[in-house]
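Have a look at the structure below, then the notes.
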Amino acid sequence: MAIRPILVLPDARLRAVADPIDAVDDDIKALAKDMLDTMYDAPGIGLAAPQIGVMKRIVVMDLAKEGEKPEPMVLINPEITKFSDVVQTTEEGCLSIPELYYDVERPDAVTVKYTDLDGNEVIKDAEGKLAVCIQHELDHLDGVLYIDYLSRLKRDRVIKKFDKAAKRAAG
């Protein structure tokens, strides 16, 4: 079990675009395990590799509630192929923007195509909380944060708060 440090805004790596994964090998499987361990320890329901400074297109998720059997998902090179026209507004938070939660509007359902840890292509329809989590985590792979969906004023306040905290920590 390797719990890795989670990057926090304003770390520039959170804005980088992750690279595709060529093959599901032992290194990728180890990375997926570390990501799940890190996510569970945080605790969170999703984690993208760029959040731990690894610029690879892989995300992990588990929406099981406390006391329920874990249902970890590992999505390698995920891609949303379909968005519903119906939108929902839900409160989102992010391990890289700790302790802040905002309402975000996103499509209510998506279809995602990805490779699993066995190297199989999977096509999955998701709705509700799972659809939101998939969209949130896949955004990380393209350097997009959930605060980018907020009004400019709210987003600028969040960025300013974390810039100040980073300067205090550094200096």
Side-chain angles (χ1 to χ4, degrees), residues 1-22 27-66 70 72-80 83 87-107 110 112 114 129-171:
M1 179 162 115
I3 295 170
R4 303 205 192 180
I6 296 173
L7 304 181
V8 175
L9 196 69
D11 194 301
R13 291 172 287 182
L14 293 171
R15 293 300 192 173
V17 176
D19 298 319
I21 293 170
D22 296 327
D27 289 343
I28 294 300
K29 290 177 182 178
L31 172 61
K33 182 173 180 351
D34 286 358
M35 289 173 64
L36 284 164
D37 291 343
T38 302
M39 178 191 74
Y40 289 131
D41 182 68
I45 61 169
L47 185 72
Q51 291 180 272
I52 58 170
V54 177
M55 295 302 134
K56 299 264 184 218
R57 296 190 81 79
I58 179 173
V59 301
V60 298
M61 291 180 255
D62 190 339
L63 274 57
K65 293 180 175 54
E66 198 171 327
M73 293 176 59
V74 177
L75 288 67
I76 298 165
N77 294 329
E79 174 188 346
I80 296 175
F83 294 90
V87 296
Q88 65 174 327
T89 301
T90 54
E91 187 178 72
E92 291 187 34
C94 181
L95 297 174
S96 293
I97 309 172
E99 299 173 15
L100 287 182
Y101 302 89
Y102 288 98
D103 285 341
V104 176
E105 188 177 275
R106 295 187 188 266
V110 296
V112 64
Y114 63 93
K129 191 173 184 177
L130 179 59
V132 168
C133 189
I134 288 169
Q135 292 170 79
H136 178 111
E137 297 309 328
L138 269 59
D139 275 352
H140 278 296
L141 302 179
D142 294 319
V144 176
L145 301 173
Y146 87 97
I147 59 171
D148 297 338
Y149 296 96
L150 303 178
S151 70
R152 184 178 181 150
L153 178 66
K154 284 182 182 174
R155 182 177 58 247
D156 288 350
R157 279 191 194 147
V158 171
I159 292 168
K160 191 173 187 178
K161 174 182 176 162
F162 281 87
D163 282 346
K164 276 185 177 174
K167 285 178 183 150
R168 277 197 305 276

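Because the structure is a prediction, the values reported are computed rather than measured.
- Between Ala2 and Asp34, the shortest heavy-atom contact is CB-OD1, 3.2 Å.
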Side chain to side chain contact (heavy atoms under 4.5 Å, CB included), that's the test. Do Leu138 and Val110 meet it? Break it down for me. CA-CA 12 Å; Leu138 269 59; Val110 296; over 6 Å; no
Residue pair Glu92, Tyr149: steps toward the side chain to side chain contact (heavy atoms under 4.5 Å, CB included) verdict: CA-CA 11 Å; Glu92 291 187 34; Tyr149 296 96; over 6 Å; no
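- Between Arg15 and Val144, the closest heavy-atom pair is NH1-CA, 4.1 Å.
- Under the side-chain contact (heavy atoms from CB on, under 4.5 Å) test applied with Tyr102, the options Ile97, Thr90, Leu150 reduce to a single match, Leu150.
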I would like to know whether Leu100 and Tyr146 meet side chain to side chain contact (heavy atoms under 4.5 Å, CB included); could you show each step before the answer? CA-CA 11 Å; Leu100 287 182; Tyr146 87 97; 4.1 Å; yes
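- We find the CZ-CG distance between Arg57 and Asp142 to be 4.5 Å, quoted to the nearest 0.5 Å.
- Here the CG-CD1 distance, from Asn77 to Ile21, works out to 5.5 Å after rounding to the nearest 0.5 Å.
- Checked by atom type and distance alone, the side chain of Gln135 pairs as donor or acceptor with a backbone atom of Pro107 at under 3.5 Å.
- Taking every heavy atom of both residues into account, Pro78 and Val59 meet most closely at CG-CG2, 4.4 Å.
- When all heavy atoms are compared, the tightest approach of Leu7 to Ser96 is O-OG, 2.8 Å.
- Within the model, atoms CD1 of Ile147 and CG of Asp156 stand 9.0 Å from one another, a figure rounded to the nearest 0.5 Å.
- Other residues, nucleotides and ligands contribute over 12 non-hydrogen atoms within 6.0 Å of the CG atom of Asp103.
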Report the C-alpha distance between Asp37 and Lys33 in whole Å, list the side-chain angles of each, state the deciding distance to 0.1 Å, and finish with yes or no for salt bridge (Lys or Arg N to Asp or Glu O under 4.0 Å). CA-CA 6 Å; Asp37 291 343; Lys33 182 173 180 351; 3.1 Å; yes
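- Minimum interatomic distance between Leu14 and Pro50 (heavy atoms only, all atoms of both residues): CD2-O, 4.2 Å.
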Apply salt bridge (Lys or Arg N to Asp or Glu O under 4.0 Å) to residues Arg106 and Asp139 and explain how you reach the verdict. CA-CA 12 Å; Arg106 295 187 188 266; Asp139 275 352; 3.0 Å; yes
Does Met35 form a side chain to side chain contact (heavy atoms under 4.5 Å, CB included) with Val54? I'd like the steps, not just the answer. CA-CA 10 Å; Met35 289 173 64; Val54 177; over 6 Å; no
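- Atom-to-atom distance recorded for Met61:CE and Leu36:CG is 10.5 Å, nearest 0.5 angstrom.
- The shortest side-chain heavy-atom distance between Leu145 and His140 falls under the 4.5 Å cut-off.
- Of the possible donor and acceptor atoms, one in the side chain of Glu137 sits under 3.5 Å from a partner among the backbone N and O of Ala48.
- No side-chain heavy atom of Val104 sits under 4.5 Å from any side-chain heavy atom of His136.
- Thr38 places a side-chain N or O within donor-acceptor distance of the main-chain N or O of Arg4, the cut-off being under 3.5 Å.
- The shortest non-hydrogen separation linking Pro10 to Asp163 is CB-OD1, 3.1 Å.
- Taken to the nearest 0.5 Å, the CD1 atom of Ile58 stands 11.0 Å off from the NZ atom of Lys29.
- One finds the CE atom of Met39 at 11.5 Å from the CD1 atom of Ile52 (value rounded to the nearest 0.5 Å).
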